[in-house]
There are 2 protein chains.
Amino acid sequence: MRNATNPMLKRLSALVSLTDGEIELLEGLTFEMRKVTAGEWLWHEGDSADSLLVISEGWGCSARYLSDGSRQLFATYLPGDILGIFELLSGIRRNDVSMLTDGRVCEYSYSSIFTLLNASNSVRSALFVIANQHQAMLAERLVSVARRNARESLAHFLCECRARLLEFLPDDVDGFQLPLSQQDLADALGMSTVHISRTFSALACQGLVRRQHFHIVILDPQRLAEMADFDDHYLNCDKRILTINKPISLPEPVATEWLASLKQDSKSRPSAEGDEPTASS
Amino acid sequence: MRNATNPMLKRLSALVSLTDGEIELLEGLTFEMRKVTAGEWLWHEGDSADSLLVISEGWGCSARYLSDGSRQLFATYLPGDILGIFELLSGIRRNDVSMLTDGRVCEYSYSSIFTLLNASNSVRSALFVIANQHQAMLAERLVSVARRNARESLAHFLCECRARLLEFLPDDVDGFQLPLSQQDLADALGMSTVHISRTFSALACQGLVRRQHFHIVILDPQRLAEMADFDDHYLNCDKRILTINKPISLPEPVATEWLASLKQDSKSRPSAEGDEPTASS
DNA sequence: CGTGATATTGATTCCACTCAATATGAGTGG
DNA sequence: CCACTCATATTGAGTGGAATCAATATCACG
C-alpha cells in the first residue's frame with residue numbers, strides 16, 4: 001500500500017470505504033507535491049481556482065482581511081486536510097489561504113478531480129463530508145465568538161485542536177505543537193492578543209493547560225472540555241455514519257432510461273471525462 | 001407552467017441551466033407540501049434525516065441552543081431556500097430548525113433526491129452551490145460577530161436580508177417584512193436585545209433605516225452598505241460564474257424561455273409580501 | 001379593555017480592548 | 001559567546017462598548 005505517497009487516497013480512505021477500483025483510480029491520480037514555507041500564500045480571494053490542495057505537512061489557515069487592517073481567521077488546516085473543495089464549482093477562491101508553518105502541499109488539478117468525482121460515489125461523498133466538517137467547525141467558531149467568554153472560547157479551540165490531532169498523534173502524548181501565535185489565536189477567536197495571553201494564564205492557573213512557546217500540554221482534557229462545553233461529535237460523527245450507511249450510492253431501482261438518456265447528453269460535453277453517474281460497484 | 005408548484009425545480013433552475021431531461025426529472029419528483037406555523041419545529045439536532053425541505057412560504061431559521069439557556073442563530077431561511085443538504089450523507093440533523101413565521105414547506109424524500117443526484121450533474125452542482133452560499137453567509141456572520149461593532153453588524157445583516165430578498169421582491173420597493181424579533185436578531189448577531197434596540201435607534205438617527213414593527217425600510221442602501229462594509233458577491237457570484245463556466249454541469253443549450261418564464265412567474269408571485277410575515281398572521 | 005409579547009429608556013456593571021512599558025526568546029552576525 | 005534585532009509574549013493602568021438589571025411603554029390580539 002502506498003497510501004502514504006498519495007495524501008488524497010490516505011485521507012479519503014480514512015473517511016469512506018473504497019472499492020478496489022476506486023483505490024486504483026486514486027492511486028493513478030497525478031499530483032504535484034511542493035514545499036511551502038511559513039507565511040507563504042497558497043492563494044488569495046478572487047484568484048481563479050483550478051486545483052485541489054491537500055496539506056501533507058505543516059499547518060495552514062484561511063482568513064479574511066478587513067478594510068480596517070484587522071483579520072478574521074476562518075479555519076486552520078492540518079496535515080491531511082483538503083482545501084478548495086467549495087471552489088470546485090465556482091472556479092474562484094473564496095478567501096485568502098496561507099501557511100502558518102513550513103510544510104508540503106499536494107496539488108491535484110480540477111480536471112483530474114472532476115474525472116474522479118464523476119467516476120466515484122464514494123469520493124463525492126467523502127469530499128462532501130469534509131466540506132460538512134468545515135462548515136461545522138465554522139459554526140462552532142461562531143458560537144464561541146458570539147456566546148462564550150474568553151476562557152470558554154480558548155478552551156474550546158484547544159479541545160478542537162486536540163481532537164483533530166488525536167488521530168495523527170502517536171498514543172496519548174498529551175501535548176502537541178500548536179503553531180499559532182497569540183496574534184493568530186486572537187484573529188481566530190475575535191479577541192485581542194493581550195487578552196489571549198491573560199486567558200492562557202488563567203487557564204494555567206486553574207491547572208488546565210501548560211504552554212511554552214508553541215507547545216501545548218492539556219493537563220486535564222476532561223475538565224477543559226467541560227468548561228468549554230466541548231462535544232467532539234461534530235468532528236467525527238459523520239465518519240462513523242458513513243462507514244455504516246454507504247451514502248450517496250444508488251439505493252434504488254433507478255430510472256435507468258433516464259440515466260441512459262443523460263449519458264447520451266454527456267457525450268456532447270467538452271471536457272469529456274470518464275462518464276456519468278457510475279451506478280457502478 | 002407548474003414551476004410554481006414545484007419549489008425545487010423553481011429554485012434549481014434559477015441556479016443552473018437544466019436540460020429538458022433534468023427538468024422533466026424534477027417535475028416528476030414527488031413531494032409533500034404542508035402548512036407550518038410560526039414557532040413550529042421542522043426538526044431537532046440529532047433527529048434522523050431522510051428528507052430535503054424547501055421553504056415555499058414564510059421564514060425559518062436554524063439555531064443552536066446552549067446549556068446556559070442562550071441561543072445562537074446560524075441561518076435564516078427564505079422562500080426558495082433548501083434545507084437539509086448537508087444531512088444527505090450523515091442522515092442526522094445537525095441543528096435545530098424552526099419556523100419564524102407561518103408558511104408552507106415542501107418535503108422531498110432522500111431516496112428520490114438520491115436518484116436525482118445520481119442522474120444529474122446539474123442538480124448535484126446546484127445543491128453544492130447552495131451549500132456553498134450557506135457556508136459563505138455563516139462566514140460573514142462570524143466576521144460580523146467577531147470584528148464589527150453593533151452598528152456595522154446590524155447594518156450588515158440588514159443589507160444581507162435585503163440582497164437576498166431583492167430577487168423576490170417586486171422592483172424597488174425599498175422596504176420589506178423582516179419577521180425577526182429583536183430577540184431573534186440578538187441571537188443571530190451575538191448581542192443583547194437591549195442593544196439591538198439602541199442600535200436600531202442609532203441607525204434611524206443617522207437616517208439609514210426606518211423600522212416599525214417588523215417592517216424595515218432601508219432609506220439609504222448605499223450608505224448602509226458602506227458602513228457595514230457589505231459586498232454582496234458572496235451571495236450571487238457563484239450563480240454568475242456557474243452560468244458562465246458550467247463546471248460540472250452539462251453545458252447544454254439553455255432553455256432560455258424557461259428562465260424567462262420563471263422570472264415572470266416570480267414577479268407575479270401572489271402574496272409577494274402581502275400576508276407572509278407578521279409572526280402569526 | 002386587559003393580557004402577554006415585544007420594545008424602549010435609564011442606571012449601573014463588567015469583560016475585554018487599548019495603550020504603553022517591559023520581558024522573553026529565536027535568529028543573526030560580529 | 002555575546003550583542004543586536006525582531007517577533008512574540010507578559011503585565012499594569014485606564015477606557016469603553018455592550019451586558020445586565022429594572023422600570024415603563026407600545027403593540028397585537030383575543
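Each chain gets a letter, A, B and so on, in the order its sequence line appears, and its residues count up from 1.
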Taking side chain to side chain contact (heavy atoms under 4.5 Å, CB included) as the definition, give me every residue that meets it alongside [X], ordered by chain and number, with sequence neighbours left out.
X: B:Cys159; answer: B:Leu224, B:Ala225, B:Phe230
X: A:Ser62; answer: A:Phe74, A:Ala75, A:Tyr77, A:Asn95, A:Val97
X: B:Arg104; answer: B:Met33, B:Lys35, B:Ser56, B:Glu57

Measure the distance from [atom1] on [X] to [atom2] on [N] and round it to the nearest whole Å.
X: B:Phe200; N: D:dA25; atom1: CZ; atom2: P; answer: 23 Å
X: B:Leu180; N: C:dA5; atom1: CG; atom2: C1'; answer: 16 Å
X: B:Leu178; N: C:dA7; atom1: CG; atom2: C1'; answer: 15 Å
X: B:Glu152; N: D:dG17; atom1: CD; atom2: C1'; answer: 12 Å
X: B:Leu185; N: C:dT8; atom1: CG; atom2: P; answer: 11 Å
X: A:Gln212; N: D:dT10; atom1: CD; atom2: P; answer: 11 Å
X: B:Gln182; N: C:dT9; atom1: CD; atom2: P; answer: 11 Å
X: A:Leu203; N: D:dA9; atom1: CG; atom2: C1'; answer: 16 Å

Next on the checklist: Does C:dG25 have OP1 or OP2 under 4.0 Å away from a side-chain N or O of A:His213?
Outcome noted: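 Answer is no, no contact under 4.0 Å.
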
Item to check | side chain to side chain donor-acceptor pair (under 3.5 Å) involving B:Asp184 - partner list, sequence neighbours excluded | outcome: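 Only B:Arg71, B:Ser181 meet the side chain to side chain donor-acceptor pair (under 3.5 Å) criterion with B:Asp184.
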
Next on the checklist: List the residues meeting side chain to side chain donor-acceptor pair (under 3.5 Å) with B:Gln182, not counting sequence neighbours, and say none if there are none.
Outcome noted: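 So B:Gln182 forms no side chain to side chain donor-acceptor pair (under 3.5 Å) with any residue.
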
Next on the checklist: When the axes are fitted on five pairs at both termini, how much does the helix from C:dC1-D:dG30 to C:dG30-D:dC1 curve, in 10° steps?
Outcome noted: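 Answer rounded to 10°: the end axes differ by 40°.
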
Checklist entry - Counting only N and O atoms by type, is there a donor-acceptor contact under 3.5 Å from the side chain of B:Thr199 to the main-chain atoms of B:His195? => result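 Yes, because the side chain of B:Thr199 sits within donor-acceptor range (under 3.5 Å) of the backbone of B:His195.
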
Atom pairs under 3.5 Å, N or O on each side, protein against nucleotides 16-18 of chain C: can you list them with distances?
{"unit_1": "C:dA16", "atom_1": "OP1", "unit_2": "A:Ala150", "atom_2": "N", "d": "2.8"}
{"unit_1": "C:dA16", "atom_1": "OP2", "unit_2": "A:His195", "atom_2": "NE2", "d": "3.4"}
{"unit_1": "C:dA16", "atom_1": "O5'", "unit_2": "A:His195", "atom_2": "NE2", "d": "3.4"}
{"unit_1": "C:dC17", "atom_1": "OP1", "unit_2": "A:Ser192", "atom_2": "N", "d": "2.9"}
{"unit_1": "C:dC17", "atom_1": "OP2", "unit_2": "A:Ser192", "atom_2": "N", "d": "3.3"}
{"unit_1": "C:dC17", "atom_1": "OP2", "unit_2": "A:Ser192", "atom_2": "OG", "d": "2.9"}

Item to check | Polar side chain donor-acceptor pair, A:Tyr234 to A:Gln135, under 3.5 angstrom | outcome: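 The criterion, which ignores hydrogens and geometry beyond distance, is not satisfied for A:Gln135 and A:Tyr234.
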
Checklist entry - Of all of residues 57-76 of chain A, which get a heavy atom below 4.0 angstrom from DNA chain C, listed by number? => result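 Going residue by residue through residues 57-76 of chain A, none turns out to have a heavy atom under 4.0 Å of DNA chain C.
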
Checklist entry - ring pair (Phe, Tyr, Trp, His ring centres under 6.0 Å): which pairs involve residues 52-71 of chain A, sequence neighbours left out? => result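 Pairs touching residues 52-71 of chain A that pass the test: A:Trp41-A:Tyr65.
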
Item to check | Within residues 37-50 of chain B or reaching into it, pairs that qualify as salt bridge (Lys or Arg N to Asp or Glu O under 4.0 Å) - sequence neighbours excluded | outcome: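 Qualifying pairs: none.
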
Next on the checklist: Listing request: all salt bridge (Lys or Arg N to Asp or Glu O under 4.0 Å) pairs with a residue in residues 213-223 of chain A, at least two apart in sequence or in separate chains.
Outcome noted: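 Listed once each, the pairs are A:Asp220-A:Arg223.
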
Next on the checklist: Once side chain to side chain donor-acceptor pair (under 3.5 Å) is applied, what residue pairs with a partner in residues 144-154 of chain B remain, sequence neighbours excluded?
Outcome noted: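 Every pair satisfying side chain to side chain donor-acceptor pair (under 3.5 Å) with a residue in residues 144-154 of chain B: A:Gln72-B:Arg147, B:Glu140-B:Arg148, B:Ser144-B:Arg148, B:Arg148-B:His156, B:Arg151-B:Gln206.
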
